[in-house]
Amino acid sequence: MLNVHSLPRHIAIIMDGNGRWAKRRGLPRIEGHRKGADAVREVVRASRELGVRALTLYAFSAQNWDRPMEEVRALMELLRDYVVEERTEIMDNEIRLVTIGDRSRLPEFVRQPLEVLIADSAENEKMTLCLALSYGGRESIVAAARRLAEAVVAGDLHPSDIDVGNFAQELSTKVLPELDLVIRTSGEQRISNFLLWEAAYAEFYFTDTLWPDFSRASLYQAIETFQGRERRFGLTSEQVRIRR
Ligand code: FPP
């Protein structure tokens, strides 16, 4: 049974398998993405109801721009529809919407409603929903390194003062709690440039379920598995038990 008192604070999901879901049914890939957007709705609602503090969804990677033009366009339209249609759900449930990634690359028809909802939901405190859009973990680390280098050149920072703490403060994920659980669907077991820094001590949960079939029950299963893990953070098992 899932324990609501020891939930992962921050869950991140690599929503993989939309294309295969569609292919198995003889449907165009975009139908898989459409069904995937329904799964997003269900998982956001379930996370909020459980009391998860933050949920990050890998909706569009920096590398996804290289997919066929029609697929990129369709994904952008699904994102716009999500932001427009879920506005009431997000506001009524006091969810704060944020993004990580290069928002400037998004087309205006996505960026505009997205930015309005980000601003309008900024004071909401029950859960943070973070959409990774045009996001890459390496890109994000490089951007942080560049900002610190600029601070050094400006004379505001000494190189020897750079540490894990102030580096993390340069990442767009600084507004999110520590990442506890990364879920990847569809049987693939890799990180694909997602939250490379943030996943340092996260638990990983891989499932064969394709993203469009991922449900509230699948989320509960992932959290239950997480709760059965022993997290050692570099310590020994004995040390961890003494500290508990
Ligand atoms: C990976 O599956 C999925 C994506 C690249 C896009 C994820 C997008 C959604 C779930 C829908 C829109 C998002 C929101 C937030 C409304 P794939 O296409 O790579 O699947 P495959 O590996 O089976 O081909």
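For ligands, and for the atoms within them, numbers begin at 1 and follow the listed sequence.
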Can you tell me if [X] and [Y] form a side-chain donor-acceptor pair at under 3.5 Å?
| X | Y | result |
| --- | --- | --- |
| R96 | T128 | yes |
| E71 | N64 | no |
| D16 | S186 | yes |

query: Mind checking whether Y58 has an N or O less than 3.5 Å away from an N or O of ligand 1?
result: no

task: Examine W21 against ligand 1 and note whether any of their N/O atoms are separated by less than 3.5 Å.
output: no

- line: Ranked by distance from atom 10 (C) of ligand 1, the top protein heavy atom is N18 ND2, 3.5 Å

- request: Can you pull out the closest protein heavy atom to atom 11 (C) of ligand 1? Residue, atom name and distance to 0.1 Å, please.
  value: H33 O, 3.6 Å

- prompt: Should R29 be listed as contacting ligand 1, given a heavy-atom distance under 4.0 Å as the test?
  reply: yes

Whether S186 lies under 4.0 Å from ligand 1, heavy atom: no

- request: Could you pull out all residues at least two apart from T56 that satisfy side chain to side chain donor-acceptor pair (under 3.5 Å)?
  value: H10

message: Donor-acceptor pair, distance only, cut-off 3.5 Å: does the side chain of S140 make one with the backbone of G136?
response: no

task: Measure from the side-chain N and O atoms of N18 to the backbone N and O of W211, and report whether any donor-acceptor pair falls under 3.5 Å.
output: no

- prompt: Quick one: ring-ring contact (aromatic ring centres under 6.0 Å, His included) pairs with a partner in residues 100-129, sequence neighbours left out?
  reply: none

Within the 4.0 Å heavy-atom shell around [X], which atoms of ligand 1 are there?
| X | result |
| --- | --- |
| N64 | 5 (C) |
| Y82 | 16 (C) |
| G19 | 17 (P), 18 (O), 20 (O), 21 (P), 23 (O), 24 (O) |
| R67 | 5 (C), 17 (P), 18 (O), 19 (O) |
| W211 | 10 (C) |

